[in-house]
There are 2 protein chains.
Amino acid sequence: MRMSTKAQYAVRALVSLNLTSDGAPVTIKAISEQEKISLNYLEQLFVKLRRGEIVQSVRGPGGGYVLARHPADITIDQIIDTVEEAIMPLSCMNDDGSCSCGLECTTQAVWQGLGQQIRSFLASMTLEDLTNDGRQRLTGCVSNS
Amino acid sequence: MRMSTKAQYAVRALVSLNLTSDGAPVTIKAISEQEKISLNYLEQLFVKLRRGEIVQSVRGPGGGYVLARHPADITIDQIIDTVEEAIMPLSCMNDDGSCSCGLECTTQAVWQGLGQQIRSFLASMTLEDLTNDGRQRLTGCVSNS
DNA sequence: AAAAAATTGACAGAAATAGTCGGGTATGCT
DNA sequence: AGCATACCCGACTATTTCTGTCAATTTTTT
């Protein structure tokens with residue numbers, strides 16, 4: 001059971017974007033420096049985030065990325081869905097996904113239930129929640145750079 | 001976000017064991033054939049399960065494995081903990097696990113909350129629950145072999 | 001047209017996982 | 001005592017997945 005860093009990076013980058021932005025586009029270079037994430041890797045993520053309509057790109061000089069929607073309308077599970085394929089791929093079923101009426105179906109039900117649990121948890125948190133949380137922490141702490 | 005097949009195999013094998021057993025030890029060879037899992041791979045898993053006191057081994061001819069505890073006292077998260085190291089390793093923190101007071105702490109809180117969610121879900125299901133479920137399915141279906 | 005900036009796709013290194021193989025050790029039956 | 005059964009253990013390999021990088025292209029502004 002593990003969460004890919006890809007998902008973690010995407011969430012962090014978006015929180016950073018939302019936190020930094022004053023309405024004008026933010027370059028991923030700025031995010032990269034602030035979050036210490038490889039610039040090129042971030043590019044990959046933002047390509048997917050744009051396709052998933054989480055962010056909008058503004059090309060040309062002075063360009064960058066802006067949130068495509070209000071942060072309260074962006075949930076964490078949407079972000080994860082966008083950057084990786086599935087939140088929880090199941091490898092326990094027969095290759096064709098059918099049920100052979102053996103024990104697999106029993107255990108499958110467990111993982112599927114778990115998957116739903118995970119999803120609903122992630123769906124209950126929005127980017128705005130995290131940003132507010134992050135803002136609090138930043139002001140409550142001494143600067144660290 | 002994915003669940004290792006190791007955990008899935010372990011759970012399936014234990015359900016199978018509990019389902020097949022009439023009190024006498026069950027050989028992993030039998031489980032291997034029933035669940036179509038490599039014998040040697042299963043052995044590896046059962047070594048860990050024995051160390052984790054989920055099962056007990058009976059040596060010599062006529063031997064095999066028996067559950068070490070009542071199935072109602074074996075929860076799924078115990079099984080997973082036993083066969084793999086951690087349910088949810090976090091890679092989002094600084095290598096030493098400290099908080100650098102940046103945005104990491106915000107997003108860390110998300111993953112940690114998620115980890116607890118997952119754990120409590122898996123802790124709420126026992127081997128007995130799954131076995132009963134499996135028994136129902138087996139009798140409710142036509143034989144498939 | 002030139003320059004700046006974003007987009008794209010292909011690619012390589014690293015890490016984790018799945019599964020295999022061979023030998024060893026303890027136990028019970030004859 | 002000896003043999004067969006069945007668990008125990010460590011090392012090894014192949015495969016997949018993930019992470020991260022590089023180079024080339026397209027678009028927009030000046």
Side-chain angles (χ1 to χ4, degrees), chain A residues 1-10 12-13 17 24-33 35-66 68 80 83-92 95, chain B residues 1-13 17 21 24-33 35-68 80 82-92 95:
Chain A
M1 196 81 244
R2 54 185 283 273
M3 174 64 69
S4 68
T5 64
K6 197 189 286 188
Q8 296 174 26
Y9 280 173
R12 270 174 60 195
L17 170 60
V26 179
T27 66
I28 53 178
K29 189 166 178 233
I31 298 176
S32 157
E33 286 166 1
E35 291 294 321
K36 310 274 188 306
I37 301 175
S38 151
L39 175 66
N40 302 86
Y41 193 50
L42 265 186
E43 282 180 351
Q44 278 187 24
L45 297 181
F46 272 82
V47 168
K48 293 188 178 177
L49 289 174
R50 189 182 61 83
R51 287 196 192 127
E53 296 178 356
I54 308 280
V55 297
Q56 275 189 336
S57 67
V58 180
R59 310 183 77 148
Y65 284 95
V66 193
I80 296 180
V83 293
E84 38 187 353
E85 305 66 36
I87 282 202
M88 187 152 183
L90 282 180
S91 59
C92 59
D95 289 349
Chain B
M1 193 85 246
R2 54 186 282 273
M3 174 63 70
S4 69
T5 63
K6 195 189 286 186
Q8 296 174 26
Y9 281 172
V11 173
R12 272 173 59 195
L17 170 59
S21 174
V26 179
T27 68
I28 54 177
K29 187 162 180 238
I31 298 176
S32 157
E33 285 165 0
E35 291 294 322
K36 311 273 188 305
I37 302 174
S38 152
L39 177 65
N40 298 84
Y41 196 48
L42 262 187
E43 282 184 352
Q44 281 186 24
L45 296 181
F46 272 82
V47 168
K48 293 187 179 179
L49 290 174
R50 191 183 58 83
R51 288 196 189 128
E53 296 179 356
I54 308 281
V55 297
Q56 276 188 336
S57 67
V58 179
R59 311 184 75 146
Y65 283 95
V66 194
L67 290 181
I80 296 180
T82 303
V83 294
E84 38 186 353
E85 305 67 37
I87 282 202
M88 187 153 183
L90 282 180
S91 59
C92 60
D95 290 349

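What you see is a predicted model, and the numbers here were worked out from it, not measured in a lab. By convention in this document, chain letters (A, B, ...) are assigned in the order of the sequence lines, proteins followed by strands, and residues within each chain are numbered from 1.
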Checking B:Ala13 now: which residues fulfil side chain to side chain contact (heavy atoms under 4.5 Å, CB included) with it, not counting sequence neighbours? B:Ile31, B:Leu42, B:Phe46
Closest nucleotide among D:dC8, C:dT20, D:dT19 to the B:Ser38 side chain: C:dT20
Assign A:Ile28 to base, sugar-phosphate, or nothing according to its heavy-atom contacts below 4.0 angstrom with the strands shown. nothing
Give a yes/no on whether any side-chain N or O of B:Arg50 is located under 4.0 angstrom from OP1 or OP2 of D:dC9. yes
Measure across B:Ser38 and B:Ser32 and return the closest heavy-atom pair with its distance rounded to 0.1 Å. C-OG, 4.3 Å
Min side-chain heavy-atom separation B:Lys29-B:Glu43 under 4.5 Å: no
Could I get the full list of side chain to side chain contact (heavy atoms under 4.5 Å, CB included) partners for B:Lys36, not counting sequence neighbours? none
Reading nucleotides 21-30 of chain C from 5' to 3' and marking B where a protein heavy atom lies under 4.0 Å of the base, S where only the sugar-phosphate is that close, and - otherwise, the string is BB--BSBS--
Of the candidate nucleotides C:dT8, C:dA6, C:dA18, which contains the atom at the shortest distance from the side chain of A:Val47? C:dT8
Given D:dA6, is OP1 or OP2 found less than 4.0 Å from the side-chain N or O atoms of B:Tyr65? no
Any idea which of C:dT8, D:dC7, D:dC9 is nearest the B:Arg51 side chain? D:dC9
Atom OH of B:Tyr65 and atom CD1 of B:Ile28: how far apart are they, to the nearest 0.5 Å? 5.5 Å
Can you tell me which nucleotide in D:dT19, C:dA18, C:dG9 comes closest to the side chain of A:Lys6? D:dT19
